[in-house]
Number of protein chains: 2
Amino acid sequence: MTKARTHVLEAVSSASEPLSARQLCDLFRDDHDQATIYRALHYLEGKGSVESFILHCDCHGTERYYVARAGAHRHWFHCERCHRFTDLGPCRFDDLIGNVSAEKRLAIRSHTFYATGLCGACQNSEVDATH
Amino acid sequence: MTKARTHVLEAVSSASEPLSARQLCDLFRDDHDQATIYRALHYLEGKGSVESFILHCDCHGTERYYVARAGAHRHWFHCERCHRFTDLGPCRFDDLIGNVSAEKRLAIRSHTFYATGLCGACQNSEVDATH
DNA sequence: TTCTATTTGCGAATCGTTCGCAAAAGATAC
DNA sequence: GTATCTTTTGCGAACGATTCGCAAATAGAA
């Protein structure tokens, strides 16, 4: 593993939320070019060390977010107000996906899920706020 | 409703699969500018007439796909080989989403799900194919 | 029908991401 | 450790999808 790939994997693995390519580019602004970051992410995803999903939010636009692939497949919630992610825990959709793939005769290889709305903290502050 | 918006809504409503902005631009190449198509889609989505999701496929890149909002929220499967969509039917995730939002104290306002893999037809042709 | 607000077409700009190429860094054999 | 070959990197330019700004065209209200 090269230095760039090691740096990117460490950053994604130690993060508590999905990180966007942009965040990683910012993080390593002085050390690596953005093309290198993108290439490292592709390499790591091909190797199975990280996985990603595309999410749009008003604040950050449409970006791909990366998480380390450790243990079970997980899904995430994204708060529309504070733009932080909440871990929804290990995937609970396996049974439903098994059912639907059998019904429709599909060989489902992967799936993407995420939820958006307001996190606990932001629900409270919305109540207070007068806007 | 203006002509452009009517055309776009009719196209999305009568399609049997999600349509990308690009497909709609191609379809109305002679009648409407692409900016108009995009603006019509935003308008219709804001009004609740259509909904969309972002999906990446090797063949068509990263694009937003639009479906009419008629009846229950639905999810889609996308075949990696023929790039056609299969309707997975009405959303079956409501209970699971209700559980997880209660557990994590989240106000989930929307969710996105899609699955990818091989459709029935493409599973068969993969068996035959020698590549 | 006239007036006003809204929408459209056009071209250029933007954003996230990827490319091509020459230089730098790794890996391999001696 | 050095020569050699392969892979990766940095840079800048290009790319595809989408959005912008503005003047002209159209829709809707009076």
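Within every chain, numbering begins at 1; the chains are lettered A, B, ... in the order of the sequence lines, protein sequences first and strands thereafter.
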Provide a list of protein-nucleic acid N or O atom pairs under 3.5 angstrom, restricted to nucleotides 21-26 of chain D.
| from | atom 1 | to | atom 2 | distance (Å) |
| --- | --- | --- | --- | --- |
| D:dG21 | O6 | B:Arg39 | NH1 | 3.4 |

Detail all sub-3.5 Å separations between protein N/O atoms and N/O atoms belonging to nucleotides 23-29 of chain C.
none

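Among residues two or more places apart in sequence or in another chain, the ring pair (Phe, Tyr, Trp, His ring centres under 6.0 Å) test is passed with B:Phe93 by A:Phe93, B:His75, B:Phe113. Every residue two or more places apart in sequence or in another chain that forms a salt bridge (charged side-chain N to carboxylate O under 4.0 Å, His left out) with B:Asp87 is listed here: B:Arg74. Taking B:His83 as the reference, B:His60, B:His78 meet the ring pair (Phe, Tyr, Trp, His ring centres under 6.0 Å) condition, with sequence neighbours excluded. Every residue was checked against the side chain to side chain donor-acceptor pair (under 3.5 Å) condition with B:Arg22, not counting sequence neighbours, and none meets it. Under the side chain to side chain donor-acceptor pair (under 3.5 Å) criterion, B:Glu17 pairs with no residue at all, not counting sequence neighbours.
One interatomic measurement links the two molecules: CD of B:Gln34 to P of D:dC20, which rounds to 14 Å at whole-angstrom precision. Rounded to an integer number of Å, the gap from CD1 of A:Ile37 to P of D:dT8 is 15 Å. For the pair B:Asp33 CG and C:dT7 P, the interatomic distance rounds to 16 Å; values are reported in whole Å. In this structure, B:Tyr38 atom OH and C:dG9 atom P are separated by 15 Å, rounded to whole Å.
In the hydrophobic clustering, A:Tyr38 connects to no other residue, as no ILVMFWY side-chain heavy atoms lie under 4.5 Å from its own. Side-chain contacts under 4.5 Å among hydrophobic residues (ILVMFWY), followed directly or transitively, place A:Tyr65 together with A:Phe53, A:Leu55, A:Val67, A:Trp76, A:Phe85, A:Tyr114.
DNA chain C lies under 4.0 Å from no heavy atom of any residue of residues 47-69 of chain B. Within residues 5-32 of chain A, the residues approached by DNA chain C to less than 4.0 Å at the level of any non-hydrogen atom are A:Ala21, A:Arg22, in residue-number order.
The line from OG1 of B:Thr86 to NZ of A:Lys104 is 8.5 Å long, rounded to the nearest 0.5 Å.
In this structure, a donor-acceptor pair under 3.5 Å is present between the side chains of B:Ser125 and B:Arg81.
Residues A:Gln123 and B:Arg105 approach most closely at NE2-O, 3.0 Å, considering heavy atoms. The shortest heavy-atom contact between B:Cys25 and B:Gln34 is SG-CB, 3.5 Å. Looking at every heavy atom in both residues, B:Asp58 comes nearest to B:His56 through OD1-NE2, 3.9 Å. When all heavy atoms of A:Ala11 and A:Leu24 are compared, the closest pair comes out as CB-CD2, 3.7 Å. The shortest heavy-atom contact between A:Cys82 and A:Cys119 is SG-SG, 3.8 Å.
Note on the helix from C:dT1-D:dA30 to C:dC30-D:dG1: angle between the axes of the first and last five pairs equals 40°, rounded to 10 degrees.
In this structure, the side chains of A:Val50 and A:Val8 stay at 4.5 Å or more apart for every pair of heavy atoms.
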